[in-house]
Amino acid sequence: MFALGKRILNKKKRPIEFAAFLLVSIAAAYHSFVHIGYYWTVLIPNLFLLYITTVLLLVYLEDKDKYDYVSHEKLLPPVSIIIPSYNCKKTIGKTIQSIKNSNYANDIEIVVVDDGSTDGTREFLKNIRGIKLITKQVNEGKAEALNYGIQKCSHEHVFCIDSDSYVEKNSIRNMVCKMLSDDKYGAITCFVKVANNNSLLGKVQEIEYFVGFGFSAISNYLIDAVFVTPGPLTLFKKSAVIKVGLFDAKNITEDLEMAWRLRKNEYKIGYVYEAAVYTIVPGTFKDLWRQRIRWYRGKLSNIIKHKDMLFNPKYGYFGMFVMPFSLASEFAAMATVYFLMYVIGYTIYWNILAIASFLELNSLTLSNLLTGVMGSSAGMIMFLIVVIPWITVLIISHKLGNKKMGVKDIPFISFFLFIYSVFLSAVYVYSLYEEIYGSDYSW
Amino acid sequence: MVSKNVFVKAALITAILLLISITIGSYIEGSAYSKFDKEILRMNENSEAILIMQSFSSSNDPKICSMISSQIDAINSDIYSFRSELEREKSTSILMNYDAIKRRYFIANARLLALTKQYNNKCNGTDDIILFFYISEKDCPECYVQGKALDDVRNACKNAKIFSFPIDADMQIIKSFMAYYGIEHAPAIIIDKENEKDIAYRDLVSAPAIMNNLNCKGAD
């Protein structure tokens with residue numbers, strides 16, 4: 001999570017389109033709840049997600065032997081590592097030290113691009129030896145800082161790393177070895193892990209990262225459909241990044257957009273789970289909300305920007321499977337959120353207005369949801385559909401992350417499956433609203 | 001490169017998982033359904049017992065009247081709680097159709113109404129008979145409000161016997177009651193005064209207003 005300077009990009013407002021979308025989506029959900037049944041309205045999108053998860057599970061289980069483990073090359077090229085920095089005095093020292101501790105058998109050029117820090121980061125960096133410091137007077141954002149660094153660095157193999165992320169000893173070597181294994185690679189991604197996993201939110205995000213950057217990443221890699229070149233650490237070919245036109249400075253998720261643009265330009269993107277980077281994740285729900293709104297809005301805007309890739313066989317499983325799956329998850333999130341709004345609405349209707357009586361007509365209240373649905377067949381079906389595949393996914397993800405799952409993890413896993421997922425659904429829906437309305441980008 | 005079979009296999013696994021889930025779900029719902037089924041059967045047996053007891057004596061036999069009174073109280077209480085549980089189960093059920101159980105429930109309710117009236121006649125009973133007509137298939141906030149008031153009446157008056165019927169249920173017995181009591185809209189409340197003129201409320205009415213017309217005998 002790069003320490004971001006406050007950047008705002010004004011967007012054209014679309015209040016009429018937003019109102020129309022809101023009305024149509026609520027009417028469709030209500031119609032579906034009443035005529036198809038609330039349960040099936042939620043279950044059907046979840047069945048689709050189950051199918052997608054099962055595909056990825058099968059891909060992993062059937063093809064994991066085809067994962068080409070890193071073969072250590074004897075002649076490793078010198079590499080550049082670019083660290084964009086902005087007001088990150090507290091973390092960047094550790095980032096640089098972790099790079100210096102790497103067991104890489106050639107030169108590492110560390111290029112720090114200070115993007116107009118105001119908290120003394122620049123002065124702090126001036127006292128660090130062995131780095132090339134580039135200072136910018138005006139804060140222009142992470143993408144511009146990366147572009148500047150890429151053009152100024154000396155080597156063809158360029159790592160981009162966030163200033164609050166720390167590499168493992170072998171990560172740089174393993175990623176370079178992977179890059180050298182195929183000329184078509186434009187970028188190599190790695191296993192992003194959580195550095196601050198000492199709170200509930202940290203532990204839950206750790207589980208999420210294990211799934212996203214472990215299981216999902218390796219499955220996507222096996223079908224040649226790596227989705228993102230993560231900001232915390234990615235290795236790029238400098239020539240490839242320059243050829244595709246550098247990072248898009250007006251894009252709020254420039255790492256996602258870069259991955260898609262590389263793919264459009266027929267570069268492959270690799271993944272090495274034997275290379276890990278630890279990153280600082282948001283510590284409060286407020287910060288997490290802001291981060292995820294940016295991520296999901298970025299994804300939506302990039303789907304629109306690169307809509308020609310959607311369902312396009314030219315882009316293989318990325319265009320035909322991963323992109324549609326990502327889009328479909330929005331609908332599952334909407335079904336979940338609207339369902340909860342419906343239940344909460346009914347609860348208010350019955351309890352706040354105090355009109356609950358022995359009639360109990362259609363009384364889908366929160367208490368009935370918890371005591372009734374959860375203990376009923378409806379709850380059992382949903383539980384099995386959600387829990388069985390997800391437990392399998394979690395076991396694989398933890399195995400990839402070299403972390404044992406124990407009994408003490410059950411509360412965090414339960415929180416992740418049943419509460420955090422609802423939180424993310426709410427973020428999805430809110431992001432969709434903001435994107436359709438045309439709220440200004442702020443990052 | 002991944003084989004196309006993966007997509008077919010995933011579809012099969014998804015279908016199998018759904019099937020297993022539905023089988024387990026059916027078992028759970030089937031158990032609940034059979035519990036309601038047995039409960040209705042038990043209530044009907046108890047109603048039959050009242051009918052048999054009533055035919056034992058043509059006159060006001062205090063011993064039999066006392067037995068009948070306590071049995072009516074018990075069934076009325078069972079029917080009341082059965083109703084809440086049935087609606088709750090119905091609202092969370094996705095596989096079972098509870099319409100048949102509901103119809104049998106309303107028949108049981110109607111039978112108990114008839115038995116209570118007979119008891120009042122034969123045994124000079126003082127049970128207050130209240131009929132409540134409501135709408136079940138569409139949202140009816142007024143019905144909920146009226147139902148809440150009747151909850152209060154029931155809690156306050158031990159001898160108030162409330163019989164509720166949805167006017168939109170396609171059942172002959174309910175249609176007959178509606179015709180007999182002149183009900184066209186819901187919510188509506190009838191206080192059946194056996195030997196006097198019935199009291200009818202065709203607009204919302206508060207619990208105290210209803211209780212003013214009852215021989216309220218205090219709470220349970």
Side-chain angles (χ1 to χ4, degrees), chain A residues 34 37-40 43 47-63 66 219 222-225 316-317 320-321 346 349-350 353-365 367-369 371-386 388-389, chain B residues 1-3 5-15 17-18 20-32 80-81 83-96 132 134-152 154 162 164 166 187:
Chain A
V34 171
Y38 65 87
Y39 186 73
W40 294 106
L43 182 70
L47 267 180
F48 182 68
L49 291 184
L50 167 69
Y51 173 72
I52 302 294
T53 310
T54 312
V55 169
L56 292 179
L57 267 172
L58 288 176
V59 166
Y60 174 76
L61 294 172
E62 287 190 0
D63 289 358
K66 293 178 191 165
S219 301
L222 288 169
I223 56 173
D224 188 23
Y317 289 112
M320 297 300 287
F321 183 73
Y346 243 100
Y349 186 60
W350 280 77
L353 299 179
I355 55 171
S357 72
F358 70 97
L359 292 176
E360 298 264 349
L361 299 173
N362 304 318
S363 54
L364 185 65
T365 58
S367 58
N368 279 2
L369 181 74
T371 60
V373 175
M374 295 309 173
S376 69
S377 62
M380 179 58 72
I381 292 172
M382 193 59 104
F383 183 80
L384 289 172
I385 280 177
V386 171
I388 288 180
Chain B
M1 191 48 69
V2 64
S3 74
N5 284 343
V6 160
F7 296 96
V8 179
K9 279 186 197 168
L12 278 173
I13 291 171
T14 305
L17 202 54
L18 180 65
I20 293 170
S21 308
I22 286 177
T23 308
I24 295 172
S26 297
Y27 176 76
I28 294 172
E29 282 199 11
S31 306
Y80 203 81
S81 54
R83 174 59 196 273
S84 294
E85 283 175 32
L86 181 65
E87 287 297 345
R88 195 172 295 123
E89 190 67 31
K90 191 169 167 272
S91 72
T92 59
S93 164
I94 55 166
L95 302 169
M96 291 288 171
F132 174 45
Y134 65 94
I135 295 168
S136 71
E137 295 303 317
K138 289 180 188 168
D139 267 358
C140 171
E142 296 89 349
C143 300
Y144 302 153
V145 172
Q146 196 61 88
K148 182 79 179 164
L150 287 172
D151 273 346
D152 296 341
R154 187 177 181 274
I162 298 163
S164 51

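Below, chains carry the letters A, B, ... as their sequence lines are ordered, and counting in each starts from 1.
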Chain A contact via Ile22(B) - side chain, backbone, both or neither, heavy atoms under 4.5 Å: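 Answer is both: backbone and side chain atoms of Ile22(B) are under 4.5 Å from chain A.
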For [X] versus [Y], what's the shortest heavy-atom pair and its separation?
X: Ala11(B); Y: Tyr51(A); answer: N-CE1, 3.2 Å
X: Ala10(B); Y: Val55(A); answer: CB-CG2, 3.4 Å
X: Val6(B); Y: Leu58(A); answer: O-CD1, 3.6 Å

Pro389(A) and Ile13(B), any side-chain heavy atoms less than 4.5 Å apart: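 Answer no - side chains too far apart.
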Plane angle bin for Phe7(B) and Tyr317(A) - parallel if under 30°, tilted between 30 and 60°, otherwise perpendicular: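 The rings of Tyr317(A) and Phe7(B) lie parallel, inter-plane angle below 30°.
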